[in-house]
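Comments concern the structure below.
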Amino acid sequence: MQRFNRVLRRTGILGSRFYSSYVSRMRYLFTLKEEDEACRKAMDSGSIYLFHKLAPLLQKAEYGGYTTPAMQASDLKGILGKLGQNKDLLQESILIGCSESHVTQFALDLGVLEKESVESQVTGKFVELRKAFFLLNGHDLPLISQSHALLRWHQTHRYCSESGQLTQRNQAGSKRVCHTNGAIYYPQMAPVVITLVSDGSRCLLARQASFAKGMYSALAGFCDVGETVEETVQREVAEEVGLEVESLWYTGSQHWPFPNSSLMVACHATVNPGQTQISVNSVELEDARWFSAGEVREALERKRPPRERAGRATPVWVPPRTAIANQLIREWANQQPK
Ligand SMILES: NC(=O)C1=CN([C@@H]2O[C@H](COP(=O)(O)OP(=O)(O)OC[C@H]3O[C@@H](n4cnc5c(N)ncnc54)[C@H](OP(=O)(O)O)[C@@H]3O)[C@@H](O)[C@H]2O)C=CC1
Ligand SMILES: [Mg+2]
């Protein structure tokens with residue numbers, strides 16, 4: 001905390017003016033992105049979330065479920081030593097945030113080490129990200145999702161696309177620079193809209209062939225370059241189910257690490273109740289259907305994924321609460337008369 005205050009004072013952020021805890025945390029993180037030395041020092045007393053080849057470390061929680069344990073940098077140095085690895089590997093950690101109590105948080109991928117040897121030194125197992133998303137509770141997900149996206153970006157964007165030379169990251173990992181031509185690269189996200197279409201009394205859910213059996217979700221699609229969110233919603237609904245959107249409104253957003261790193265922008269939309277004939281684009285979707293409020297409420301309550309019964313169609317279920325699709329569907333269901 002003292003070091004934290006020193007950095008704030010030096011950068012003029014801690015002065016006579018009162019800053020809320022949130023503002024001072026954000027200003028501190030800003031400083032750490034700008035100052036490599038301050039970031040290096042923060043790492044020494046920070047907590048580090050571990051990954052192995054992009055799989056996060058998960059630990060069984062005391063009261064059931066799973067959590068993502070954070071390690072102290074000092075403990076991690078000891079473990080790296082035991083595994084015969086130089087503690088400089090720690091410098092490859094990337095800054096991901098700062099806790100309420102002002103402890104800086106970092107993420108580190110130990111993919112250069114053998115997975116089993118690392119697991120033998122820590123409590124927990126490295127679990128593939130999609131599986132981890134089903135095991136973790138909502139609280140841990142934004143941090144894991146952000147860490148995964150940033151680590152992946154650094155692993156796959158190491159070279160300058162102009163000079164072909166290796167780029168260097170700043171200590172925080174918030175950018176990479178090509179020292180031959182000065183080009184700066186920042187981590188990227190693809191904007192995606194996800195839309196729940198309603199005709200006033202029913203809502204439209206669809207499934208791709210790659211979804212788990214019985215799972216239906218809202219319509220989603222990547223924004224094309226130059227499009228507004230509104231234009232993407234209209235185009236995707238037209239492309240995927242052949243309907244024309246009459247009105248739409250924004251309701252929330254979420255970072256989503258699949259397939260790479262997306263910013264999901266969630267919207268509700270309506271179509272004319274007299275023009276609801278669906279024409280499914282079979283290149284994109286396996287099925288799309290209108291659902292009544294009662295059917296949607298049942299799907300929301302259903303255990304995911306539901307148990308399959310021989311000879312019976314898998315009952316319809318929807319993505320878990322960790323996906324913004326669930327929020328959209330729940331919001332719509334709550335607005336319908338009982
Ligand atoms: N969090 C949530 O609640 C939900 C999240 N999603 C996410 O939304 C995303 C988009 O949904 P989806 O219906 O698949 O999208 P689209 O309907 O846009 O179709 C996907 C196709 O778009 C093309 N495409 C265009 N731009 C990109 C890009 N930047 N990255 C990858 N593919 C691109 C690809 O085609 P081609 O291969 O032919 O080039 C891809 O196969 C998915 O990645 C999914 O994970 C979806 C539902 C719920
Ligand atoms: Mg789609």
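Just follow the structure's listing: the first ligand is 1, and inside any ligand the first atom is 1.
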* When you look at CD of Glu116, are more than 12 heavy atoms from neighbouring residues, nucleotides or ligands closer to it than 6.0 Å? -> yes
* Asked: When you measure from the side chain of Arg297 to the backbone N and O of Ala333, does any donor-acceptor pair fall under 3.5 Å?
  -> yes
* Structure fact -> atom 47 (C) of ligand 1: closest protein heavy atom, distance to 0.1 Å, is Ile194 CD1, 3.7 Å
* Among all protein non-hydrogen atoms, which one is nearest to atom 44 (C) of ligand 1, and what is the separation to 0.1 Å? -> Trp256 NE1, 4.0 Å
* Closer than 2.8 Å to the Mg ion (ligand 2) - protein N, O or S atoms, ordered by chain and residue number -> Ala220 O, Glu240 OE2
* **Side-chain donor-acceptor contact under 3.5 Å, Glu236 with Thr195** => no
* **Any protein heavy atom nearer than 4.0 Å to atom 41 (O) of ligand 1** => no
* Is atom 15 (O) of ligand 1 less than 4.0 angstrom from some protein heavy atom? -> yes
* At their closest point, which heavy atom of Arg207 faces which heavy atom of Gly214, and how far apart are they? -> NH1-N, 3.4 Å
* **Under 3.5 Å: donor-acceptor pair, side chain of Gln59, backbone of Thr123** => yes
* Asked: Considering only the protein, which heavy-atom contact is closest to atom 23 (C) of ligand 1, and what is its distance?
  -> Phe222 CD1, 4.4 Å
* **Non-hydrogen protein atom less than 4.0 angstrom from atom 37 (O) of ligand 1** => no
* Check: Thr270 and Trp249 side chains under 4.5 Å, non-hydrogen atoms -> yes
* Can you tell me the protein heavy atom closest to atom 9 (C) of ligand 1 and the distance? -> Val192 CG1, 4.0 Å
* Work out whether the distance between some heavy atom of Gln208 and some atom of ligand 1 is less than 4.0 Å. => yes
* Asked: Protein heavy-atom contact under 4.0 Å for atom 21 (C) of ligand 1?
  -> no
* atom 4 (C) of ligand 1: protein heavy atom closer than 4.0 Å? -> yes
* Would you mind running through ligand 1 and noting each atom that sits below 4.0 Å from a heavy atom of Met264? => 4 (C), 5 (C), 6 (N), 7 (C), 8 (O)
* Among protein heavy atoms, which sits nearest to atom 11 (O) of ligand 1, and what does the distance come to when rounded to 0.1 Å? -> Ala220 CB, 3.5 Å
* Asked: How about Phe134: does its CZ atom have over 12 heavy atoms from other parts shown lying under 6.0 Å from it?
  -> no
* Mind checking whether Pro259 has a heavy atom under 4.0 Å from ligand 1? -> yes
* Side-chain heavy-atom pair Thr180, Cys160 within 4.5 angstrom cut-off -> no
* Numbered atoms of ligand 1 (with element) below 4.0 Å of Gly221, judged on heavy atoms -> 15 (O), 16 (P), 17 (O), 18 (O)
* Given Thr104 and Tyr28, is the side chain to side chain donor-acceptor pair (under 3.5 Å) satisfied, shown in steps? -> CA-CA 9 Å; Thr104 39; Tyr28 180 46; 5.0 Å; no
* Asked: In terms of ring plane angle, is the pair Tyr216 and Phe291 parallel, tilted or perpendicular, where the classes change at 30° and 60°?
  -> perpendicular
* Might you check, step by step, whether the distance between atom 18 (O) of ligand 1 and some protein heavy atom is under 4.0 Å? => yes
